[in-house]
Undergrad: 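A single structure is presented below for examination.
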Amino acid sequence: SNYLTTMAWRSSGDTNEELVRNLKRFGIISSDTVEKGFLAVDRRFFVPKGNEQLAYSDQPLKEGNVHISAPHIYGAVLEALDLQPNSSQAFLCIGSGTGYLCAIAAEIMGPKSLNFGIEIHRDVIAHCKNALKAWNAKKSQGTDTKTSTRSHPQII
């Protein structure tokens with residue numbers, strides 16, 4: 001645990017791919033499943049507005065009510081959850097915040113799964129829905145939307 005704490009802050013990168021590579025290199029991400037989930041979800045879409053230049057920094061970011069934890073926290077959580085690819089698992093995130101965790105879980109679990117996020121702050125819900133919409137738009141460029149490979153998080 002102490003090793004993970006020491007290495008976590010060194011996981012920053014200049015791109016999403018570099019961030020994920022460093023999380024893997026330092027042992028925060030250990031499974032191919034979680035690595036693929038992280039690679040498919042660009043953190044830049046989810047950070048609080050005005051913090052895009054820090055998107056790939058392994059640190060928490062906060063602007064008003066909108067808060068995103070450091071990537072190493074999500075890596076540890078997702079490894080511990082042991083989500084199954086292409087499953088009919090259900091995922092519930094209470095305090096879903098920016099939707100970043102829900103999006104990675106959606107990528108991992110696939111289109112047969114259920115994925116819900118619950119959030120109490122209206123401004124955070126709006127940020128989350130906008131982030132998910134932008135991420136989905138980027139993901140669907142050049143792909144057939146009828147053959148989705150992920151679930152679609154519902155944020156309430």
Side-chain angles (χ1 to χ4, degrees), residues 4-5 7-81 83 85 91 93-111 113 115-145 148-156:
L4 290 180
T5 305
M7 295 294 108
W9 295 96
R10 298 183 190 173
S11 299
S12 297
D14 292 326
T15 65
N16 195 57
E17 292 76 16
E18 189 178 359
L19 169 66
V20 176
R21 188 169 54 245
N22 288 334
L23 288 167
K24 182 118 182 181
R25 183 165 60 113
F26 289 119
I28 307 300
I29 294 174
S30 57
S31 69
D32 289 343
T33 301
V34 171
E35 180 183 16
K36 286 176 188 168
F38 267 88
L39 286 171
V41 182
D42 193 326
R43 189 171 185 248
R44 186 180 216 30
F45 290 109
F46 298 89
V47 297
K49 296 289 178 238
N51 289 274
E52 292 80 7
Q53 75 282 3
L54 297 171
Y56 310 119
S57 179
D58 192 11
Q59 68 181 60
L61 300 169
K62 183 171 176 31
E63 191 68 42
N65 290 325
V66 179
H67 173 267
I68 189 168
S69 295
H72 70 269
I73 298 296
Y74 295 108
V77 166
L78 287 160
E79 288 293 349
L81 286 173
L83 300 175
F91 181 80
C93 185
I94 299 173
S96 56
T98 65
Y100 185 57
L101 183 62
C102 288
I104 298 172
E107 276 295 328
I108 293 170
M109 295 187 308
S113 64
N115 189 321
F116 292 95
I118 297 176
E119 180 55 57
I120 61 171
H121 298 288
R122 290 179 196 264
D123 56 334
V124 179
I125 293 170
H127 174 89
C128 177
K129 287 183 175 182
N130 288 334
L132 288 168
K133 184 177 176 183
W135 170 66
N136 275 313
K138 180 72 173 170
K139 285 290 291 178
S140 22
Q141 286 177 353
T143 62
D144 181 357
T145 54
S148 178
T149 58
R150 66 182 178 281
S151 63
H152 294 279
Q154 301 297 311
I155 307 300
I156 51 176

Undergrad: Which atoms form the tightest heavy-atom contact between Ser57 and Pro71, and what is the distance?
TA: O-CD, 3.7 Å
Undergrad: Within this structure, what is the OG-CG distance for the pair Ser69 and Leu101, rounded to the nearest 0.5 Å?
TA: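 Those atoms lie 9.0 Å apart.
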Undergrad: Tell me, do Cys128 and Thr98 make a side-chain contact under 4.5 Å, heavy atoms counted?
TA: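 Of all side-chain heavy-atom pairs linking Thr98 with Cys128, none is under 4.5 Å.
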Undergrad: Hey, is the main chain of Asp58 close enough, under 3.5 Å, to the side chain of Ser12 for a donor-acceptor pair?
TA: yes
Undergrad: With no hydrogens and no angle check, do the side chains of Ser31 and Glu79 hold a donor and an acceptor under 3.5 Å apart?
TA: yes
Undergrad: Got a sec, which residues hit ring-ring contact (aromatic ring centres under 6.0 Å, His included) with Tyr100, two or more places apart in sequence or on another chain?
TA: Phe46, Tyr74
Undergrad: Taking side chain as C-beta onward, heavy atoms only, is His67 less than 4.5 Å from Pro60?
TA: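 SC-SC contact between His67 and Pro60 confirmed.
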Undergrad: Does the distance from a Lys or Arg side-chain N to an Asp or Glu carboxylate O, for Lys24 and Asp32, drop under 4.0 Å?
TA: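 Asp32 and Lys24: salt-bridged.
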Undergrad: Taking only residues two or more places apart in sequence, or in another chain, which ones meet Glu18 in a side-chain contact (heavy atoms from CB on, under 4.5 Å)?
TA: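 Scan of Glu18 (side-chain contact (heavy atoms from CB on, under 4.5 Å), adjacent residues dropped) gives Asp14, Thr15, Arg21, Asn22.
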Undergrad: So which heavy atom on Arg43 is nearest to which on Asn16, and how close?
TA: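 Answer, listing the atom of Arg43 first, then Asn16: N-OD1, 3.5 Å.
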Undergrad: What are the two closest heavy atoms between Val124 and Gly97, and how far apart are they?
TA: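 Minimum heavy-atom contact is CG1-O, 3.4 Å.
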Undergrad: So how far is it from Ile155 CD1 to Glu119 CD, rounded to the nearest 0.5 Å?
TA: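 CD of Glu119 is found 9.0 Å from CD1 of Ile155.
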Undergrad: Checking side-chain contact (heavy atoms from CB on, under 4.5 Å) between Phe38 and each of Leu19, Thr33, Ile108, Leu78, which is the one that passes?
TA: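 When Leu19, Thr33, Ile108, Leu78 are each tested with Phe38, the side-chain contact (heavy atoms from CB on, under 4.5 Å) holds only for Leu78.
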Undergrad: With a 4.5 Å limit on heavy-atom distance, are the side chains of Pro153 and Leu132 in contact?
TA: yes
Undergrad: More than 12 heavy atoms of other residues, nucleotides or ligands under 6.0 Å from NZ of Lys133: is that the case?
TA: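 No, NZ of Lys133 has 12 or fewer neighbouring heavy atoms, counting only those of other groups under 6.0 Å.
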Undergrad: Heavy-atom distance under 4.5 Å between the side chains of Ile68 and Glu63, does that happen here?
TA: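 No; the side chains remain at least 4.5 Å from each other.
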Undergrad: Using a 3.5 Å distance criterion without hydrogens, assess whether the side chain of Ser113 forms a donor-acceptor pair with backbone atoms of Gly110.
TA: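 Here the side-chain-to-backbone pair exists.
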Undergrad: Under a 3.5 Å distance rule, please check whether Asn51 uses its side chain to pair with a backbone N or O of Pro48 as donor and acceptor.
TA: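 Flag set: sc Asn51 to bb Pro48 pair under 3.5 Å.
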Undergrad: Looking only at non-hydrogen atoms, find the nearest pair between Leu83 and Ala105 and report the distance.
TA: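 Closest pair (atom of Leu83, atom of Ala105, distance): CD1-CB, 3.8 Å.
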Undergrad: Taking C-beta and beyond as the side chain, do Leu81 and Phe91 meet within less than 4.5 Å on heavy atoms?
TA: yes
Undergrad: What pair of heavy atoms forms the shortest contact from Val20 to Glu35, and how long is it?
TA: CG1-CG, 3.8 Å
Undergrad: Supply the atom-to-atom distance Glu107 CD to Cys102 SG, rounded to the nearest 0.5 angstrom.
TA: 13.0 Å
Undergrad: Taking only residues two or more places apart in sequence or in another chain, which ones pass side-chain contact (heavy atoms from CB on, under 4.5 Å) with Arg44?
TA: Asp42, Glu52, Ala55, Tyr56
Undergrad: State the OG-CD distance between Ser11 and Gln59, to the nearest 0.5 angstrom.
TA: 12.5 Å
